[in-house]
Amino acid sequence: MNQHDHRAQFREAPEPEEGTRATPKIVLVWIALLIVWGVGYYAWQIGKPMLGGDSRSAVATMQQAPKSADTNTGSGAEAPASAVADSNTAAAKPDGKAIYSAQCSACHQANGQGVPGAFPPLAGSEWLVADATIPVAIVHDGLQGKIEVSGNSFQGVMPKFGGTLSNAEMAAVLSYARSEWGNSASEIDPAAVTEHVERFGKRGDWSAKELKEVFGEP
Ligand code: HEC
């Protein structure tokens, strides 16, 4: 090693090494605040209704569909004024089919056949097409216990829809089911649900036995 080599060495910057300085306090405080805010916000939302998305129910979404269809297909013969009136009446009357797929099809299936051994069929069900008082009672208050539907036994729990669906919605979904899959029973008027509530008030779920005692054989 000669003199020149040493000079070159002295010109070098010292070898870098990792400092011992911890993350700045302000960053730690910031992270802590974000965690507290995140967890706090989550905790604060517990038990509140989920209002994600555009907050429309399936029913509302389906009701909007005919509106746009109106304007698209708006057969030239129809005056705009009547198209507006049409969509207004459509909005006033809930869409039974949309309510069925949102509220009932998970159990009774889209084709109304139910699930053997678990959920009774609505297609060809004597209970559904009986006097309106019976299906209204079932959907409004719920049903549990042993039940025979078109010759097969079921024993399960059906939730009540009073409080979840409006009277008009319950009437619409029942009217839909009563006229689908080969069923051909009369439409149900929302007034039938009102009458049911006036007669029975707030009560627990029905059993098939009780339905027969109160309303007679389906
Ligand atoms: C969580 C599952 C579930 C949902 C959702 C459900 N049901 Fe039911 N439903 C049942 C079960 C289970 C029974 C039989 C109860 C029993 O065993 O006593 C039943 C029975 C019925 C019956 C009488 C028996 C028959 O097959 O006709 C009708 C009518 C009925 N449901 C209509 C509806 C309508 C309309 C909706 C939607 C508004 C609906 N159900 C939603 C589970 C469900």
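Computed from a predicted structure; not experimentally measured. Each ligand, and each atom within it, is numbered from 1 in the order the structure gives.
- Protein heavy atom nearest atom 5 (C) of ligand 1, with residue, atom name and distance: Gln103 O, 3.1 Å.
- The side chain to side chain contact (heavy atoms under 4.5 Å, CB included) test applied to Val115 returns Gln109, Ala118, Phe119, not counting sequence neighbours.
- In terms of polar-atom proximity, Pro159 is not counted as a contact of ligand 1, lacking any N or O under 3.5 Å from an N or O of the ligand.
- Among all non-hydrogen protein atoms, the one lying nearest atom 24 (C) of ligand 1 is Val149 CG2, 3.8 Å.
- Interface atoms of ligand 1 facing Gln155, defined by a heavy-atom separation under 4.0 Å, are 17 (O).
- Against a heavy-atom cut-off of under 4.0 Å, Pro121 is close to the following atoms of ligand 1: 25 (C), 26 (O), 27 (O).
- Across all non-hydrogen atoms, the minimal contact from Ala208 to Ile147 is CB-CG1, 3.6 Å.
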* Give the C-alpha distance, both sets of side-chain angles, the deciding distance and a yes or no for salt bridge (charged side-chain N to carboxylate O under 4.0 Å, His left out) between Arg203 and Glu210. => CA-CA 13 Å; Arg203 54 154 291 150; Glu210 213 181 345; 3.3 Å; yes

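- Neighbouring protein atoms of atom 8 (Fe) of ligand 1 (N, O or S, distance under 2.8 Å, waters ignored): His108 NE2, Met158 SD.
- At least one donor-acceptor pair closer than 3.5 Å links the side chain of Ser175 to the backbone N or O of Ile188.
- Close placement of the Phe215 and Phe200 rings is indicated, their centers lying within 6.0 Å of each other.
- Between the His140 side chain and the His196 main chain, no donor and acceptor come within less than 3.5 Å of each other.
- Note that Arg178 lies outside the cation-pi zone of Trp181, set by a 6.0 Å cut-off to the ring centre and a 45° limit from the axis.
- Between Ile134 atom CD1 and Glu217 atom CD the span is 8.5 Å, to the nearest 0.5 Å.
- Using a 4.0 angstrom heavy-atom cutoff, Gly145 counts as in contact with ligand 1.
- Glu198 places no side-chain N or O within donor-acceptor distance of the main-chain N or O of Glu195, the cut-off being under 3.5 Å.
- Ligand 1 lies out of reach of Ala177, whose nearest heavy atom is not under 4.0 Å from it.
- In plain terms, the two heavy atoms of Gly112 and Tyr100 that are nearest each other are CA-OH, 3.8 Å.
- Heavy-atom contacts of Val157 reach the following atoms of ligand 1: 12 (C) (cutoff under 4.0 Å).
- Distances below 4.0 Å separate heavy atoms of Ser125 from the following atoms of ligand 1: 25 (C), 26 (O), 27 (O).
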